[in-house]
2 protein chains.
Amino acid sequence: MALKHTILAFLSRQPLSGYEVAKEFAEGFGGCFWKASQQQVYAELSKLEKQDRVIYEAIPQPGRLDKKIYSITAKGQEELIDWLTQPTEPTAIREDLGVIGLAGHLVPSQMVVREIERRQKLHREMAQHLKKMDEHFAKNLDLLELKDLYMHLVIRRAIRYQEDWVAWCDESLKAINRVVDNLED
Amino acid sequence: MALKHTILAFLSRQPLSGYEVAKEFAEGFGGCFWKASQQQVYAELSKLEKQDRVIYEAIPQPGRLDKKIYSITAKGQEELIDWLTQPTEPTAIREDLGVIGLAGHLVPSQMVVREIERRQKLHREMAQHLKKMDEHFAKNLDLLELKDLYMHLVIRRAIRYQEDWVAWCDESLKAINRVVDNLED
DNA sequence: GAAGTCATGTAAAATGTTACATGATTCT
DNA sequence: AGAATCATGTAACATTTTACATGACTTC
């Protein structure tokens, strides 16, 4: 399970509130390669706090709930490093669109085509968005310190992933059209 | 949730026993884009059976437990088609190696390099294996009927995915080496 | 004789998703 | 005035993972 470790990794860079951690997952770099809901984040943080992996400082805010600023502890960092030291396992692809490969013959090919086109557009947009996030790093590639280079590489991973989807959609649409045209002759 | 639908999709091609479905996930095309353990498969199948999405015929086997051959029912096929008709959502990438982008600075860069090299080798092997599975389809690309073309496209998706990993590893290793060399000067 | 394959499951624990709940502030 | 953002959570449910359990047949 990497949710725990991802949160620890966030906090190893800088102290953050639960709200900020959740936002990081939803919009930030974290969301490039891991996903977690707000509820999961709050639950995990309070668990980590009980285990002394993180501590928080409650900041009173006028007219609002206290903001809990979480920081990683020595114990937390130890565990994180320990985890970083283990070999990683490739994650299995879990992709709904893949089921079409098994059961696409049950629906008209036009529907498959339309769905692939829809997905292609989506992935194109995501790639675009990620590229914007990466701009700052990509521009100064030769000046980056290691810490930022790693960040850049993760975003690059996500960009490639999205672009690969776009290319696959292209390839697939062409192949389907070819076969469908053949059948019509 | 697509486990249910993936199993229904398998069965829409041909009746299978629980054991065979599980094998499909572990080794077959199904494993390209979805993953499920044997226990999950058996649990899901008996649930689907109670809901009349599938039925089974028990085949007695000498000196062995009965083999339960599951087939999809009309109701099951209806549900599957219904599901195929909905738009799919891209799956979030969940990838342990990504955490390194956030916390790689906590360990020596050599360790990061070694891990990326290890992963590159793994993905190269997986791509190789998938290409073998695809050979039969790739050879007869222009003769494939739609059903088999879809299958080919799913395998292609998986191949691209693995090859994209390999290329990213390459790119990343070069970038890290460049920065590390700079620091040493 | 040991390892691997065929064949089925149960049970507990960990994780993740969905829905609900509250309430002030800031932006349009 | 309504929507979005900041800020925290609880509870129920679904899903996944891990460990356990059994036993014959086949291949090295």
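Side chains are part of it too, since the values below use all heavy atoms of this structure and drop only hydrogens, waters and symmetry mates.
If you measure from atom CG of A:Asp66 to atom P of D:dG9, you get 10 Å, rounded to the nearest angstrom. Here D:dA14 presents its C1' atom at 13 Å from CD of B:Gln51, a figure rounded to the nearest Å. Following rounding to the nearest Å, A:Arg94 (CZ) and C:dG16 (P) show an atom-to-atom distance of 11 Å. Separating the CD atom of A:Glu44 from the P atom of D:dT8 is a distance of 16 Å, rounded to the nearest angstrom. Here the P atom of nucleotide D:dT17 and the OH atom of B:Tyr42 are 18 Å apart, to the nearest Å. Here the C1' atom of nucleotide D:dT15 and the NZ atom of B:Lys4 are 13 Å apart, to the nearest Å. Rounded to whole angstrom, the span from the CH2 atom of B:Trp34 across to the P atom of D:dT15 amounts to 10 Å. Following rounding to the nearest Å, B:Lys47 (NZ) and C:dT8 (P) show an atom-to-atom distance of 19 Å.
Comparing C:dG16, D:dT17, C:dT8 by their closest approach to the side chain of B:Ser17 singles out C:dT8. You'll find that the side chain of A:Tyr70 is closest to D:dG9, out of C:dG16, C:dG9, D:dG9.
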A correct 5'-to-3' footprint of nucleotides 19-28 of chain C, with B, S and - meaning base, sugar-phosphate only and no protein heavy atom under 4.0 Å, is BB---SS---
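Distance alone, capped at 3.5 Å, is enough to place a donor-acceptor pair between the B:Thr91 side chain and the A:Arg94 backbone. A distance-only check finds no donor-acceptor pair linking the side chain of A:Arg124 to the backbone of A:Arg119 [under 3.5 Å].
Mapping A:Ser46 and A:Gln61 onto DNA chain D via the closest heavy atom, the residue that lands nearer the 5' end is A:Gln61. Nucleotides of DNA chain D nearest to A:Ala43 and A:Lys67 differ in position, and the one nearer the 5' end is that of A:Lys67.
Salt bridge B:Arg160/A:Glu171: present, at least one basic N to carboxylate O contact under 4.0 Å. Of the charged side-chain nitrogens involved, at least one lies within less than 4.0 Å of a carboxylate oxygen, so that B:Lys131 and B:Glu163 count as a salt-bridged pair. Using a 4.0 Å cut-off between charged nitrogen and carboxylate oxygen, B:Lys4 and B:Glu79 count as a salt-bridge pair. Looking at A:Lys68 and A:Glu49, no side-chain N of the basic residue comes within less than 4.0 Å of a carboxylate O on the acidic one, giving no salt bridge.
Put simply, B:Lys35 has a side-chain N or O that comes within less than 4.0 Å of OP1 or OP2 on D:dT17. Contact annotation: A:Lys68 reaches the phosphate of D:dG9 (side-chain N/O to OP1 or OP2, under 4.0 Å).
Both the sub-6.0 Å distance and the 45° axial angle are not jointly satisfied by B:Arg156 relative to the ring of A:Trp168.
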